[in-house]
There are 2 protein chains.
Amino acid sequence: MKTIVKVVNGLESKEKMIISEIKTLIDSKNLEPGEKLPSERLLAEKIGVTRGSIRNAIQKLESYGLLKSMPQSGTFISNLGRAALNGMIDQILNLPEPDFKSLVETRIFLEINSVRFAAIRHSAEDLERIEQALEDYRTKTLSGNESVEEDLLFHLAIAQASHNPSLNQLMLSITPQIITDFEKYHVCKSDMALSAIKEHEVIVEAIRTRNPDQAELMIKEHFSVLYQYCYKTKKQIIKEGNN
Amino acid sequence: MKTIVKVVNGLESKEKMIISEIKTLIDSKNLEPGEKLPSERLLAEKIGVTRGSIRNAIQKLESYGLLKSMPQSGTFISNLGRAALNGMIDQILNLPEPDFKSLVETRIFLEINSVRFAAIRHSAEDLERIEQALEDYRTKTLSGNESVEEDLLFHLAIAQASHNPSLNQLMLSITPQIITDFEKYHVCKSDMALSAIKEHEVIVEAIRTRNPDQAELMIKEHFSVLYQYCYKTKKQIIKEGNN
DNA sequence: GATGTAAATCTGGTTAACCAGTCTATTCTA
DNA sequence: TAGAATAGACTGGTTAACCAGATTTACATC
């Protein structure tokens with residue numbers, strides 16, 4: 001027999017259920033910030049699932065900073081109070097699956113900030129890496145090959161030059177997913193590759209001259225197709241939001 | 001005997017080593033996108049660690065969309081080519097630990113976009129939630145209590161109203177960590193709570209009247225203290241970046 | 001030789017026993 | 001009675017055996 005498990009925003013339904021149970025348990029026991037959660041074994045028994053499932057759920061909540069497991073001691077509730085905890089868990093459980101459009105939209109403003117910070121803060125070494133990435137992209141494109149990878153690496157080099165590790169990490173998590181979806185959605189036409197070289201060049205120039213405003217403008221230009229792609233659907237979302 | 005394991009940006013040194021080994025293995029075997037990785041058991045033996053460690057490393061790479069494990073079948077390399085794969089793994093391994101300032105800086109532009117989208121797209125239900133969050137914050141503050149939690153929930157309500165699940169998720173991951181660090185760094189003075197109510201009110205007003213520009217202005221105003229906090233250090237980073 | 005089939009092997013995922021510290025309750029001592 | 005010592009239960013983490021399904025292999029059949 002084959003059991004199909006639905007996976008939404010990285011949470012399968014079982015995990016959701018467990019997280020929800022943990023939440024009600026924290027509520028019913030009036031556990032305060034810093035207090036200890038019941039042991040994994042106890043939770044497993046009480047909720048009626050295996051200990052492994054409990055561990056997964058705890059790990060998920062830990063990744064949001066809501067819990068903290070201490071080896072050989074216990075799992076503790078973070079400093080956030082119960083109100084924040086409840087609110088956050090509710091939002092996590094109800095978070096819709098990130099769709100392609102929201103990813104693209106998010107990527108755009110991440111890129112904008114990325115390139116701005118890069119223009120302001122890049123080191124000589126950063127610039128060298130960016131120019132190398134541009135060169136790789138150029139040669140690959142001019143030789144008529146696919147250059148999606150080199151494009152990705154170019155943008156990631158800029159993110160690295162932003163000297164904002166947090167932003168850099170967000171770019172690293174979001175961009176690859178978009179890239180792999182690109183072909184599927186046919187957003188990018190192949191004849192755009194040549195003009196994209198020029199666009200990349202002016203972006204690098206803006207970074208080199210430490211002109212964040214110009215850099216922002218050029219990256220917006222570079223993403224104009226994606227931008228329109230978002231905007232087209234934005235109206236629709238507005239309409240939906242109005243009812 | 002107690003072995004201390006250094007943890008940097010969520011990757012302990014052992015995990016880093018394993019990821020690095022996997023990378024060189026993919027390189028040396030000339031594995032193409034879509035091809036299958038050697039089995040976990042084989043990797044474990046070859047690298048000389050336990051299978052559990054291998055699983056952790058794979059899971060990490062999976063979270064970045066570089067690998068994809070299929071039950072009872074194998075772990076596959078994503079559609080990204082080897083160049084992108086190598087570049088991304090390098091960046092992941094060298095990613096500096098996100099410091100408080102970079103988190104704050106990132107939060108600010110996440111909030112800016114969040115409030116802009118909320119102003120454009122919020123539903124009646126969203127607005128209701130935001131106003132409720134504001135009310136909770138007001139009563140808690142006016143009664144002289146700590147209201148950090150209610151502040152957090154207010155901002156998360158706005159993120160939810162942005163109707164961008166991707167952005168919403170980033171906000172959920174980044175904000176709590178900042179909140180818990182707040183007291184440590186003494187960024188927020190307690191006498192600001194009262195004026196913060198007013199600031200929250202004008203933000204809500206801008207959202208209600210669907211004025212994204214005004215909303216952005218008001219949220220910037222709201223974060224001006226944090227903004228200065230960032231700016232003060234930005235100069236320093238620029239200087240560092242110039243050498 | 002091509003093809004369908006069954007058995008053996010190999011896969012990632014799961015489970016339960018085990019481990020090394022931590023915490024607690026009891027006992028022993030001054 | 002107060003405090004230190006200790007034994008035992010309890011903690012999250014780790015390991016190795018196990019599972020069910022996928023995949024490959026070998027073989028019988030035509």
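Numbers restart at 1 for each chain; the letters A, B, ... are given by sequence-line order, proteins then strands. Since this is a predicted model, take the numbers as computed values, not measurements.
Listed nucleotides D:dG21, D:dT11, C:dA17 differ in distance to B:Q72; the shortest reach to its side chain belongs to D:dG21. Comparing C:dA17, C:dG13, C:dT22 against the side chain of B:R55 picks out C:dG13 as the nearest.
Scanning for ring pair (Phe, Tyr, Trp, His ring centres under 6.0 Å) contacts around A:F223 gives A:H155, with sequence neighbours left out. Every side chain to side chain contact (heavy atoms under 4.5 Å, CB included) that B:Q59 has, sequence neighbours left out, goes to B:N56.
A:G74 comes within 4.0 angstrom of sugar-phosphate atoms only, judged by non-hydrogen atoms across all strands, and of no base.
For B:R51 and D:dC19, the CZ to P distance is 14 Å, given to the nearest whole Å. The separation between B:I58 atom CD1 and C:dG13 atom C1' is 12 Å, rounded to whole Å. Atoms CG (A:N56) and P (C:dG12) sit 18 Å apart, rounded to a whole Å. Counting to the nearest Å, the C1' atom of D:dT15 and the CD1 atom of B:I54 are 14 Å from each other.
For A:T50 and C:dT15, the shortest distance from a side-chain N or O to OP1 or OP2 is below 4.0 Å. A:T75 has a side-chain polar atom (N or O) that falls below the 4.0 Å cut-off from OP1 or OP2 of D:dG12. Residue B:S73 places none of its side-chain N or O atoms closer than 4.0 Å to OP1 or OP2 of D:dG21.
Taking the six-membered ring for Trp and thresholds of 30 and 60 degrees, B:H200 and B:F154 have nearly parallel ring planes, at less than 30 degrees apart.
With the end axes of the helix from C:dG1-D:dC30 to C:dA30-D:dT1 each set by five pairs, the angle from one to the other reads 20° at 10° resolution.
Note that OG1 of A:T175 is 7.5 Å distant from CG of A:L110, once rounded to the nearest 0.5 Å. The CG atom of B:L172 sits 9.5 Å away from the CG atom of B:L167 when rounded to the nearest 0.5 Å. We find the OG-CG distance between A:S78 and A:L66 to be 6.0 Å, quoted to the nearest 0.5 Å.
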B:N164 vs A:E105, side-chain hydrogen bond (donor to acceptor under 3.5 Å, both in side chains): CA-CA, chis, key distance, verdict: CA-CA 8 Å; B:N164 181 322; A:E105 185 175 85; 2.8 Å; yes
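For residues 44-53 of chain B, every residue pair satisfying the salt bridge (Lys or Arg N to Asp or Glu O under 4.0 Å) rule, not counting sequence neighbours, is listed here: B:E40-B:R51.
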So which protein nitrogen or oxygen atoms get under 3.5 Å of nucleotides 5-7 of chain C's nitrogens or oxygens?
none

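A heavy atom lying under 4.0 Å from DNA chain D marks the following residues of residues 25-45 of chain A, by number: A:S39, A:E40, A:R41.
At most 12 heavy atoms of other shown residues, nucleotides or ligands fall within 6.0 angstrom of atom CD in A:Q177. Annotation: A:K140, atom NZ; neighbour count of heavy atoms from other residues, nucleotides and ligands within 6.0 Å is above 12.
A donor-acceptor pair under 3.5 Å links the side-chain atoms of A:N113 to the main chain of A:F109, judged by distance alone.
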